[in-house]
Amino acid sequence: MIAYFGVVFLAMAGLAVAWQQAGLSPDQPIAFPHTIHVSKLSLPCNFCHIYVDISRHAGGPPVEKCMSCHKSIATEREEIRKLTRYYEEKRPIEWNRVYSLPDHVYFSHKRHVKAGLDCSECHGMVGAMKKIRRVGSLKMGWCVSCHRARGAPRDCATCHQ
Amino acid sequence: MDKPDKLARVEQDVLSAMKRPGLAYLAALGCTAALFLGLLGFWGYQMKTGMGVSGLMHPVGWGVYITNFVFWVGIAHSGTLISAVLYLFRARFRTSFNRPAEAMTVFALLVAGLFPLIHLGRTWKFYYLFPYPTQRMLWVNFRSPLIWDVFAVSTYLTVSVVFFYVGLIPDFAIVRRYKEGLAKRIYGFLSLGWTGTRRQWKNYNQLYLFLAAFATPLVASVHSVVSWDFAMSIIPGWHTTIFAPYFVAGAIFSGTAMVITLVVPMRKILVLDRYITDDHFESIAKILLFTSLIVTYSYIVEFGLAFYSGNPFEMEEFRYRALGDYTVMFWIMIFCNSLAPLTLFVRSLRRNVKYLFVLSLLVNVGMWVERFVIIVSSLARDFDPYAWGTYTPSIVEVGITLGSFGLFFTAYLLFLKTLPVLSITEIKEHL
Amino acid sequence: MKRRDFLRVLGVLSGSTLLSACGSKTSKTFVSPILPPEEGVIPGEAYFSPSTCTECPAGCGLSVKRREGWPIKLEGAPGHPINDGGLCIRGQSSLTRLYHPERVETPMLRNDRGKFKAVSWEKAFSLVSESLAGSRDAGRKNLYLSGRTTGSLSRLIDAFCSRLGVERLPEFEVYSHSAVAEANGILFGERDVPRYRIGKADLLLTVGADILATHVSPVSYTRELSRARSREDFRWFHAEPHLSLTGANADRRFVVRPGREAVLLAYLLRQVLDRGPRRSGLPQEAVDALPRFSVGKASEKTGVSAEELAELADRMANARHPLVIAGGVSTSHRGGLEVAALAGMIQWVTGEIPRLVDFARNEKYGGTGTFRDMEALSARLSRGEAGVLFLSRTNPVFSLPGGFAFRENVRNAKLSVAFGDLLDETMQEADLILPLSHSLESWGDVEPRRGVVSLVKPVLAPLYGTLSEGDILLRLMGAVSGEGPATGYRDYLFAEWTKRFGKKGKDAFSRNGFVVEALPGTRVTLNGTKAAALLKDATAEGREPETPVLVLVPSLRTFDGRSRGLPLLSEIPDPLTTISYGRWLSVSPGTAKVLGLKDRMEANVSSGGWSQVFPVKIQPGLAEGVFVASRDFVDSPPLATDGRTGEATWFLEGIRIGKSGRVAAIPILSGSPSQRGRGLIPDPSHRDEKGHHGKESFYPEHEHKGYRWAMAIDLALCNGCSACVAACYIENNVPVVGKKDHLKGREMSWLRIEPFYGETGNVDFLPMLCQQCDSAPCETVCPVFAAYHNPEGLNVQVYNRCVGTRYCSNNCPYKVRRFNWFWHTWRKPLDRMHNPDLEVRGAGVMEKCTFCIQRIRAAKDRAKDDSRKVRDGEVTTACAQSCPTGAITFGNLLDPESKVYRLAHLARAYRVFEGLGTKPSVYYLGGAKGGPEKEGHG
Amino acid sequence: MENRMMFQDREEFLSALRNLAREGVPQERIRVETPYYVHEVDEILPTSPAKVKNFSLLGAASGTVFGFAFTILTSLSWPLIVGGKPIVSIPPFIIIAFALTILFGALSTFFGFLILARLPSVFGVVPKEEFGNAFVITVEPGETK
């Protein structure tokens with residue numbers, strides 16, 4: 001009997017772990033290197049993530065913005081060709097989410113940025129990641145521990161919607 | 001015949017139950033098991049589709065499931081009463097009942113334990129109910145009677161199982177003697193290697209005494225806690241101070257009835273008349289009568305309080321309970337729990353085992369209905385008249401209820417074939 | 001040990017755990033658009049743009065709430081001349097018309113087998129233009145019939161008709177108020193419904209006019225009424241043969257014998273002439289013609305008690321600015337014209353024209369045709385005179401009496417072309433269906449009231465290949481003349497607007513969403529001769545319908561039936577009967593006793609050759625011998641038309657009622673019509689009932705941080721119109737569960753209107769929502785803290801923590817918690833309405849009113865940005881926002897300056913079941929409908 | 001060479017035991033096995049009463065303490081107001097503490113018994129020899145004083 005449940009549990013646990021690992025660092029339609037843009041060119045985050053300090057959502061850069069430089073820069077590279085193709089075919093780029101929260105969570109980038117939090121606190125050293133991978137579990141405990149540490153509100157209604 | 005043979009005779013009589021199962025037995029087991037499988041099926045269906053497959057609605061959020069929960073927890077009680085309380089009181093007749101009674105307690109609690117889970121809207125989140133450290137850093141609300149339930153019932157189950165097991169240890173040693181090969185090893189293992197040395201007996205004796213002492217308060221506490229699920233709410237018809245004693249009495253009442261229901265056929269089939277005599281039944285019948293009177297008294301008090309209170313909500317509630325949509329249930333309850341048992345004032349009836357059996361069935365029905373009436377009729381007529389509504393159980397709920405009986409009797413049948421149905425050692429001791 | 005025993009149970013669970021693990025609908029991608037979205041538009045923020053509601057002819061101003069480009073809610077436009085922020089239940093639900101799963105998506109042509117087949121617009125246009133020409137040559141007339149049309153579209157239709165030689169028929173409205181218009185035409189030469197300035201009156205007498213629910217412009221009237229009611233001296237009386245929502249809300253309601261309204265008014269007019277200050281006189285000939293009644297006689301004829309008549313007369317005579325409004329059922333019987341005329345004369349005599357009765361600002365029903373016109377049309381069709389018949393935004397096949405045989409005659413048209421969005425009876429009879437865009441998808445303007453122009457502005461591109469009526473007409477004109485569409489309707493409108501308002505005016509118009517043009521006042525004089533002629537046998541016997549009579553009334557939820565298709569409207573119960581789904585017949589308690597009818601029993605109603613079976617609902621307050629059914633419940637009733645006004649008579653006379661013996665399953669949501677003296681609404685006559693302010697708590701009070709959100713609901717203003725309920729449904733993604741679950745008592749509404757009837761049949765409405773109790777019984781019993789109290793006094797429900805024990809719901813004295821019995825789904829594209837600020841709750845979770853916590857969160861977010869506290873009135877709940885009467889006030893109870901604080905501390909403020917010590921945060925303002933110190937009604 | 005005496009009759013067994021006691025055979029050399037508890041044995045060979053009760057007391061006490069500590073500390077770790085009641089509301093916690101008192105008490109009594117009775121014993125699982133319903137006295141060899 002106990003053995004049986006042991007098996008069931010292990011199976012479920014294994015599944016859960018596999019599930020997570022998969023989501024940690026998905027491939028992107030265009031292998032965008034944060035290393036170059038953040039570290040080398042040291043662009044500020046909100047140069048591309050235009051809404052990060054005015055909205056819940058950080059938002060991605062309009063393709064036009066990418067093209068403003070990449071019309072001329074590194075145009076021969078395969079990835080940039082992809083980009084140009086998106087632009088010419090007027091197709092929006094659908095990036096795979098690395099950080100996604102469930103529906104019942106209310107999270108506002110604006111509030112956290114305005115509270116003086118540095119992006120790296122949650123997103124890690126993006127500048128050092130050739131391919132973005134998730135740092136932090138995004139589990140409730142993960143949020144709460146930080147909220148506890150910084151005396152941020154722990155009223156359930158702040159985050160649960 | 002002289003003493004030692006008597007001892008051997010006891011062993012043979014009791015253990016004869018454990019010989020190869022006959023066709024009738026297997027058939028019975030098949031039926032009960034099938035019912036239980038039905039329960040699992042219905043439950044799965046309910047979890048997949050949603051609670052809507054039950055008859056529950058606004059305002060009646062609790063129905064048959066909670067009724068079953070209270071019913072089965074109630075059943076458990078008399079087991080403990082007979083095995084622990086009567087032990088402390090050194091009541092001799094207990095010896096012939098305590099093993100089946102304890103078994104009943106354990107199985108009833110296993111069944112009861114299912115229902116809080118079955119009635120959850122999101123059963124798959126049931127672990128939220130347990131206070132264990134999680135990454136959420138969240139604990140449970142210890143102010144909620146439901147959490148009290150979790151603690152009370154699981155404690156009760158644990159203690160009962162230990163008590164049951166401890167009682168079995170010396171008997172396992174005896175069974176071991178009659179078995180060969182693997183079975184011998186298993187029973188040997190279960191007996192923890194009991195040999196009946198002096199040290200073992202000395203500590204065993206005290207262990208049993210103290211377990212009895214620990215179990216005794218549970219008889220009162222557990223069903224009080226269960227009753228507080230209702231008494232702690234503000235629903236007219238639930239929010240009453242008498243609920244705790246009222247429920248405890250009811251629990252013992254129904255449990256005792258269930259003991260009779262179980263033991264009468266057992267005695268017949270396994271020919272244990274020598275050990276379970278009519279005198280024993282008479283004493284049990286007296287308990288039944290006594291608790292029935294308490295329960296009846298509680299019914300009267302409930303109505304008395306309601307009408308004396310002058311509280312319009314209470315008054316309407318009890319008028320409705322007796323004369324409203326569930327009036328039939330109410331009067332069934334009165335007949336089975338209050339009127340029928342009065343016949344036990346007649347000695348001949350107390351000693352008439354067949355009669356007792358029938359009566360015990362009535363009481364089982366009556367007590368189930370009592371819980372239903374209390375739970376449903378109160379919810380159906382609470383404060384806001386706009387929100388009033390009536391509830392009728394669905395096929396799913398019926399199936400699951402039958403399934404719970406299936407599980408209970410499956411367990412009991414297995415018990416008959418695998419464990420000594422009476423406490424051999426004790427009978428020997430009292431020969 | 002204990003763990004293991006519960007693990008034993010887990011065996012079953014583990015399976016389902018995996019099943020339900022995958023639930024989140026969060027999109028797994030995020031998008032880089034090609035271009036940055038339009039200036040100032042930020043994702044995750046809500047934007048509002050002005051438009052106009054087209055669900056009924058009233059033309060209320062909208063402010064459309066959009067998220068990420070999708071309209072997710074309609075709200076009344078604050079400051080709009082018609083509705084000033086309020087929006088009715090139908091207006092709220094109009095959004096479900098836009099996203100309706102069964103909208104007509106493409107033009108459809110009936111093929112030879114009678115089935116509809118999708119065709120291209122080009123095909124459709126060429127077909128129409130050919131048969132236009134064809135039938136003109138064949139000597140047939142091309143006809144254009146539409147519902148009431150105002151503003152530029154009306155002019156475009158004229159242009160279209162003259163250009164293509166199409167005859168434009170008088171518009172068809174089921175409720176065209178032709179009796180009133182006719183009377184005004186005869187008396188004052190203004191054939192129209194004037195604007196009534198209720199707000200300025202100090203005595204209002206409404207005769208049959210259901211001004212709160214369906215009459216002409218309900219929200220506008222409701223707003224004005226609230227304004228009037230805020231004045232101590234205002235009184236409102238209502239006379240009607242049946243029981244309407246309006247009657248239920250008047251200070252006092254008189255039950256008049258059907259068809260005897262004229263006697264009442266004649267009596268009053270005489271009284272006013274005799275005693276009142278006669279500001280403007282009645283020509284002698286008319287005075288002579290006016291029949292004279294003693295109080296007794298009048299009372300005997302009308303069935304209104306002599307005392308009440310006398311008092312009414314006194315008040316009428318002494319009032320400074322009395323206003324009489326006749327309409328609805330009282331002007332739609334054989335004596336309707338006289339009733340309307342008498343009302344007009346009282347208005348004249350009391351000199352309230354033009355002060356309260358303004359013909360300069362007509363409600364623009366002049367151009368609207370009558371049933372007589374439709375009779376004529378039907379006849380012409382039967383004679384096969386019609387070539388191409390355009391049927392736009394109108395459903396005569398459903399609305400016209402059976403006798404007209406319109407359904408059959410439509411088929412005689414060479415080509416019938418129906419415009420519409422949802423397939424209705426008329427469209428099903430048509431040969432060609434041209435799908436119309438929803439007003440949220442199209443440009444346009446309406447002029448519901450003369451000089452009041454309201455903007456219709458698209459907030460999204462059409463979901464399907466639909467066009468606005470304007471575009472269709474323009475492209476048709478193009479197709480016929482062969483040179484293709486001259487311009488789009490948008491350009492046409494811009495030109496029109498610039499022409500009408502000038503360049504600046506046009507910009508202001510499209511910014512504000514409305515324009516109120518200055519108009520010269522119209523002087524009218526009463527034509528004595530005609531008046532006299534009308535009065536001669538105004539009160540003649542034999543005019544009134546013979547009882548028992550079945551009164552067919554417009555419906556709060558579906559108006560003339562045009563809103564039937566909208567799912568939300570059938571989910572929300574009718575406030576008087578609390579029936580949500582299906583049809584019913586309202587029967588008076590007395591009659592029910594006599595006939596041995598009970599709720600839900602089926603009764604067979606027959607009159608002449610016509611008969612129909614209805615489930616019965618016993619309706620307190622209904623007069624004996626009077627039966628009521630909503631117009632759209634009745635299939636092609638045998639209605640007569642009044643020769644003089646062309647108004648249909650909404651009375652089925654001398655009906656026979658029989659029991660069918662069957663019992664129908666109709667969901668009656670209320671568990672009890674009376675409140676059983678439980679003081680949910682304390683009787684204003686004895687205040688003390690309201691009683692003790694809660695119990696003393698055994699525990700110390702817990703303090704609130706910064707805010708304590710609270711609500712005040714003025715029961716004297718609430719009229720049960722249920723607009724708040726609709727608003728709540730849409731704002732909070734509350735699922736529509738359907739009839740099956742309603743029958744089980746599983747409706748999901750977070751906010752409900754509870755009607756409670758008194759002995760006299762008077763009714764009070766109690767909006768019941770989560771009371772956000774300060775010592776909430778639901779919180780204590782939750783084992784997992786899913787229900788808890790937050791520092792701002794909100795009773796929060798954490799959906800994702802809920803395990804679904806339903807204990808909280810059991811323990812809630814107000815029974816406002818709703819359990820998700822199933823996985824609720826929204827048929828696509830209805831899910832577009834979802835408010836992204838809330839989770840859509842899954843099965844097994846308890847939910848309830850949150851005081852629109854998402855709105856509070858947004859407001860606090862804004863406040864925090866410019867580091868201040870949320871201002872009073874800055875945040876309000878969806879229900880409060882939509883309420884046409886302004887009965888609901890939301891705010892911070894800790895702020896002594898706030899409006900809610902003031903109201904909560906009024907003498908008539910109380911909380912429901914205060915004796916239970918739950919300390920609710922919702923304060924109800926008791927008192928009679930008429931306001932604080934006024935008499936109760938009944 | 002140990003010598004064993006087996007009796008079918010309770011009384012014979014007891015008298016034999018009495019004789020041994022009178023002969024002054026030290027207790028630790030006498031091993032007794034009985035089919036059920038025979039309280040006279042303890043009178044004949046007096047020993048200190050069983051210690052199981054100490055475990056009971058210890059368990060029960062720790063149960064109570066843990067019960068209160070657990071409820072109070074967890075409530076404080078994430079204070080949430082419910083029903084306007086204080087964060088630490090003792091009355092409900094008493095119920096939890098009570099339940100845990102019983103639970104811990106019962107369990108520790110049981111385990112106490114196992115320790116004191118030297119159970120489970122590996123050799124006992126399938127003993128070399130079984131005496132059925134016989135009363136057995138085994139005297140280990142050694143000199144009598």
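Letters A, B, ... mirror the listed sequences (proteins, then strands); counts begin at 1. Please read these numbers as outputs of a predicted model, since none were measured by experiment.
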K.L.:
Measuring from D:L80:CG to B:W139:CH2, what's the distance to the nearest 0.5 Å?
P.N.:
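Rounded to the nearest 0.5 Å, the CG-CH2 separation comes to 14.0 Å.
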
K.L.:
What distance separates D:T109 OG1 from B:Y208 OH, expressed to the nearest 0.5 Å?
P.N.:
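D:T109 OG1 to B:Y208 OH: 14.0 Å, rounded to 0.5 Å.
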
K.L.:
Looking at D:G132, D:S75, D:S77, which has the largest count of heavy-atom pairs under 4.5 Å with chain B?
P.N.:
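Ranked by contacts with chain B, first place is D:G132.
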
K.L.:
Sort out for me which of D:F104, D:F55, D:F131, D:W78 touches chain B most, counting heavy-atom pairs under 4.5 Å.
P.N.:
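Looking at each of D:F104, D:F55, D:F131, D:W78 in turn, D:W78 comes out on top.
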
K.L.:
For the ring pair B:F210 and D:F113, is the centre-to-centre distance below 6.0 Å?
P.N.:
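When the ring centroids of B:F210 and D:F113 are compared, they turn out to be at least 6.0 Å apart.
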
K.L.:
Taking B:R198 first and then D:E33, would you say they form a salt bridge - that is, a charged N and a carboxylate O separated by under 4.0 Å?
P.N.:
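Salt bridge flag = no for D:E33 with B:R198.
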
K.L.:
Among B:S191, B:S224, B:S221, which has the most heavy-atom pairs under 4.5 Å with chain D?
P.N.:
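Option with the greatest count: B:S221.
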
K.L.:
Could you check whether atom CZ of B:F89 has more than 12 heavy atoms from other residues, nucleotides or ligands sitting under 6.0 Å from it?
P.N.:
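Counting other residues, nucleotides and ligands, CZ of B:F89 stays at 12 neighbours or fewer.
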
K.L.:
What is the distance from atom CG of B:L211 to atom CG of D:L107, rounded to the nearest 0.5 Å?
P.N.:
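Separation between the atoms: 9.0 Å.
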
K.L.:
Relative to chain D, which segment of B:A173 carries a heavy atom at a distance below 4.5 Å: side chain, backbone, both, or neither?
P.N.:
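Only the backbone of B:A173 comes within 4.5 Å of chain D.
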
K.L.:
So with a 6.0 Å cut-off around CZ of D:F68, is the heavy-atom count from everything else above 12?
P.N.:
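Correct, the count exceeds 12.
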
K.L.:
Ignoring hydrogens, what is the shortest heavy-atom contact between D:L119 and B:L192? Give both atom names and the distance.
P.N.:
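Taking D:L119 first and B:L192 second, the nearest heavy atoms are CD2-O, 3.1 Å.
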
K.L.:
Could you check whether the rings of D:Y37 and B:W201 sit parallel, tilted or perpendicular, using 30° and 60° as the cut-offs?
P.N.:
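Ring orientation of D:Y37 relative to B:W201: tilted.
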
K.L.:
With chain B, which of D:I30, D:L114, D:I95, D:V126 has the greatest number of heavy-atom pairs at distances under 4.5 Å?
P.N.:
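Greatest number of close heavy-atom pairs with chain B: D:I95.
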
K.L.:
Could you go step by step and tell me if B:R143 and D:I87 meet the side-chain contact (heavy atoms from CB on, under 4.5 Å) rule?
P.N.:
CA-CA 10 Å; B:R143 302 177 201 71; D:I87 301 303; 4.3 Å; yes

K.L.:
What side-chain hydrogen bond (donor to acceptor under 3.5 Å, both in side chains) pairs are there with at least one residue in residues 161-172 of chain B, not counting sequence neighbours?
P.N.:
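As it turns out, the side-chain hydrogen bond (donor to acceptor under 3.5 Å, both in side chains) pairs with a partner in residues 161-172 of chain B, which skip direct neighbours, are B:R99-B:D171, B:D171-B:T425.
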
K.L.:
So which part of D:E11 gets closer than 4.5 Å to some heavy atom of chain B, the side chain, the backbone, both or neither?
P.N.:
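Looking at D:E11, nothing touches chain B.
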
K.L.:
Most heavy-atom pairs under 4.5 angstrom with chain B, which of D:L45, D:T74, D:T47, D:V32?
P.N.:
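Ranked by contacts with chain B, first place is D:T74.
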
K.L.:
Which bit of B:L190 is near chain D, if near means a heavy-atom gap under 4.5 Å: side chain, backbone, both or neither?
P.N.:
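It is neither, since no heavy atom gets under 4.5 Å.
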
K.L.:
With chain D, which of B:P133, B:S144, B:G188 has the greatest number of heavy-atom pairs at distances under 4.5 Å?
P.N.:
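Going by pairs under 4.5 Å, I would pick B:G188.
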
K.L.:
So which part of D:F98 gets closer than 4.5 Å to some heavy atom of chain B, the side chain, the backbone, both or neither?
P.N.:
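Looking at D:F98, just its side chain touches chain B.
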
K.L.:
For the NZ atom of D:K53 and the CG atom of B:L207, what is their distance to the nearest 0.5 Å?
P.N.:
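One gets 13.0 Å once the value is rounded to the nearest 0.5 Å.
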
K.L.:
Relative to chain B, which of D:P120, D:A50, D:P49 shows the most heavy atom pairs under 4.5 Å?
P.N.:
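Most heavy-atom pairs under 4.5 Å with chain B: D:A50.
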
K.L.:
Is it the backbone or the side chain of D:A60 that comes under 4.5 Å from a heavy atom of chain B, or both, or neither?
P.N.:
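The side chain, not the backbone.
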
K.L.:
Mind checking whether B:E11 and D:N133 have side chains closer than 4.5 Å, heavy atoms only?
P.N.:
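Yes. Closest side-chain heavy atoms under 4.5 Å.
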
K.L.:
So B:I147 and D:I96, side-chain contact (heavy atoms from CB on, under 4.5 Å) or not? Walk me through it.
P.N.:
CA-CA 9 Å; B:I147 291 298; D:I96 307 295; 4.3 Å; yes

K.L.:
Suppose we screen for salt bridge (charged side-chain N to carboxylate O under 4.0 Å, His left out). Which residues come up paired with D:E28, at least two apart in sequence or across chains?
P.N.:
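Not a single residue meets the salt bridge (charged side-chain N to carboxylate O under 4.0 Å, His left out) criterion with D:E28.
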
K.L.:
Who among B:R185, B:K202, B:K184 has the most heavy-atom pairs with chain D under 4.5 Å?
P.N.:
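Looking at each of B:R185, B:K202, B:K184 in turn, B:K202 comes out on top.
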
K.L.:
Between D:S121 and B:W194, does the side-chain contact (heavy atoms from CB on, under 4.5 Å) criterion hold? Intermediate values first, please.
P.N.:
CA-CA 8 Å; D:S121 80; B:W194 179 271; over 6 Å; no

K.L.:
Here's a test for you: under salt bridge (Lys or Arg N to Asp or Glu O under 4.0 Å), which of B:R176, B:K179, B:R177 qualifies with D:E130?
P.N.:
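Result: among B:R176, B:K179, B:R177, B:R176 is the only option passing the salt bridge (Lys or Arg N to Asp or Glu O under 4.0 Å) with D:E130.
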
K.L.:
Which atom pair, heavy atoms only, marks the closest approach of B:Q206 to D:K51?
P.N.:
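Of all heavy-atom pairs spanning B:Q206 and D:K51, the closest is OE1-N, 3.9 Å.
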
K.L.:
Which atoms of B:E426 are under 4.5 Å from chain D, going by heavy atoms: the side chain, the backbone, both sets, or neither?
P.N.:
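Neither part.
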
K.L.:
Return yes if some donor-acceptor pair links the side-chain N/O of B:E429 with the main-chain N/O of D:Y36 below 3.5 Å, else return no.
P.N.:
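Not at all, since once roles are kept as given, no pair shorter than 3.5 Å links the two residues.
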
